[in-house]
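Okay, so here's the structure we're looking at.
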Amino acid sequence: MMFKQFLIGSAVFFGLSGAALAGEQYVDETGYAISGYDAVAYFNLPQKDVGMTQPHAVPGRADITADYNGATWAFSSEENRDMFLADPAKYAPAFDGHCAYGIAKGGKVPANPNLWRIVDGQLYLNITPAVVGFWNEDIDGFIDTADGNWNGLEAKSASDKSWMAIADNDGTYDMPAPIK
């Protein structure tokens, strides 16, 4: 009986310690994950070929939100919010919303929600158009490298930088999100 209690206690301890090591979602000055854009809507946008500019992300609404991974997420419809809540890991961007190329290079940097690509059902974001150019040279290789780096980076604090403050991002977004 004592051994069984030890096993159960160990499982609870390791389960809780794993949760404590989970990384923080990237949240910029908007106060929302993915800068207030709708995570589910990406999966309904027509993805362009590598090297072409993706359609802009769909702004969420400030009155349609959900909480996940310590952050508030905004959605363009209640249906999208409900889909997200049913399976948040399916829709949330990789690497807690940080730039996938940055993770591959060993650091947590912000991500521009309009610089995206879905690969094998996973949403990846990048920081600037120039970085997207590097990313496009070997997407699968950078994903593999980022996946390998993520265990060592995930527990570190989220980036506190703004992707909108980077001049290279001028013109990559139409309006701030979420819509009030």
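By the 30° and 60° cut-offs, the orientation of the rings of Phe84 relative to Tyr68 is perpendicular.
For the residue pair Asp28/Ser35, the side-chain donor-acceptor check at 3.5 Å is satisfied.
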Quiz: residues 100-111 side-chain donor-acceptor pairs under 3.5 angstrom, not counting sequence neighbours:
| from | atom 1 | to | atom 2 | distance (Å) |
| --- | --- | --- | --- | --- |
| Lys108 | NZ | Leu153 | O | 3.4 |
| Lys108 | NZ | Glu154 | O | 3.0 |
| Lys108 | NZ | Lys156 | O | 2.6 |

Donor-acceptor contacts, no H, no angles, side chain residues 41-48, under 3.5 Å, sequence neighbours left out:
| from | atom 1 | to | atom 2 | distance (Å) |
| --- | --- | --- | --- | --- |
| Tyr42 | OH | Pro113 | O | 2.6 |
| Gln47 | OE1 | Ile118 | N | 2.6 |
| Gln47 | NE2 | Ile118 | O | 3.1 |

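A distance of 7.0 Å separates CG in Asn169 from CD1 in Ile127, rounded to the nearest 0.5 Å. In this structure, OG1 in Thr145 is found 7.5 Å from CG in Asp138, a value given to the nearest 0.5 Å. Atoms CG and CG, on Asn80 and Asp38 in that order, are 4.5 Å from each other to the nearest 0.5 Å.
Qualifying side chain to side chain contact (heavy atoms under 4.5 Å, CB included) partners for Thr72, counting only residues two or more places apart in sequence or in other chains: Tyr32, Thr65, Asp67. Listed by chain and residue number, nothing satisfies the salt bridge (Lys or Arg N to Asp or Glu O under 4.0 Å) test with Asp82 (two or more places apart in sequence, or in another chain). Checked against side chain to side chain contact (heavy atoms under 4.5 Å, CB included), Val119 has the following partners two or more places apart in sequence or in another chain: Arg117, Tyr124, Ile139, Asp140, Ile143.
Looking only at distances, a side-chain donor or acceptor of Asp168 sits under 3.5 Å from a matching main-chain atom of Ala130. The backbone N or O of Asn69 lies less than 3.5 Å from no partner atom in the side chain of Glu24, so there is not a single donor-acceptor pair. Checking side-chain atoms of Trp116 against main-chain N and O of Pro55 turns up a donor-acceptor pair under 3.5 Å.
Residue-environment remark: CD (Glu29) exceeds the threshold of 12 foreign heavy atoms within 6.0 Å.
Scanning both residues, Gln25 and Ala33, for their nearest heavy atoms gives CG-CB, 3.9 Å. Among all heavy-atom pairs drawn from Val27 and Ala71, the shortest one is CG2-CB, 3.7 Å. Closest heavy-atom contact between Tyr26 and Ser162: OH-CA, 3.9 Å. The shortest heavy-atom contact between Ile166 and Thr128 is CG2-CG2, 3.7 Å. Across all their heavy atoms, Tyr37 and Ala57 have their closest contact at CD2-CB, 3.4 Å.
For Trp163 and Tyr173, the ring centers sit closer than 6.0 Å to each other.
Here the side chains of Ile34 and Trp73 are in contact, with some heavy-atom distance below 4.5 Å.
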Run Asp147 and Phe95 through side-chain contact (heavy atoms from CB on, under 4.5 Å) and show every step you take.
CA-CA 9 Å; Asp147 285 342; Phe95 314 120; 3.5 Å; yes
Apply side-chain contact (heavy atoms from CB on, under 4.5 Å) to residues Met164 and Thr30 and explain how you reach the verdict.
CA-CA 10 Å; Met164 289 184 270; Thr30 66; 4.1 Å; yes
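Apart from Leu115 itself, the hydrophobic cluster it occupies contains Val132, where clustering links Ile, Leu, Val, Met, Phe, Trp and Tyr at side-chain heavy-atom distances under 4.5 Å.
Tracing side-chain contacts under 4.5 Å through hydrophobic residues (I, L, V, M, F, W, Y), one reaches Val50 starting from Phe134; they form part of the same cluster.
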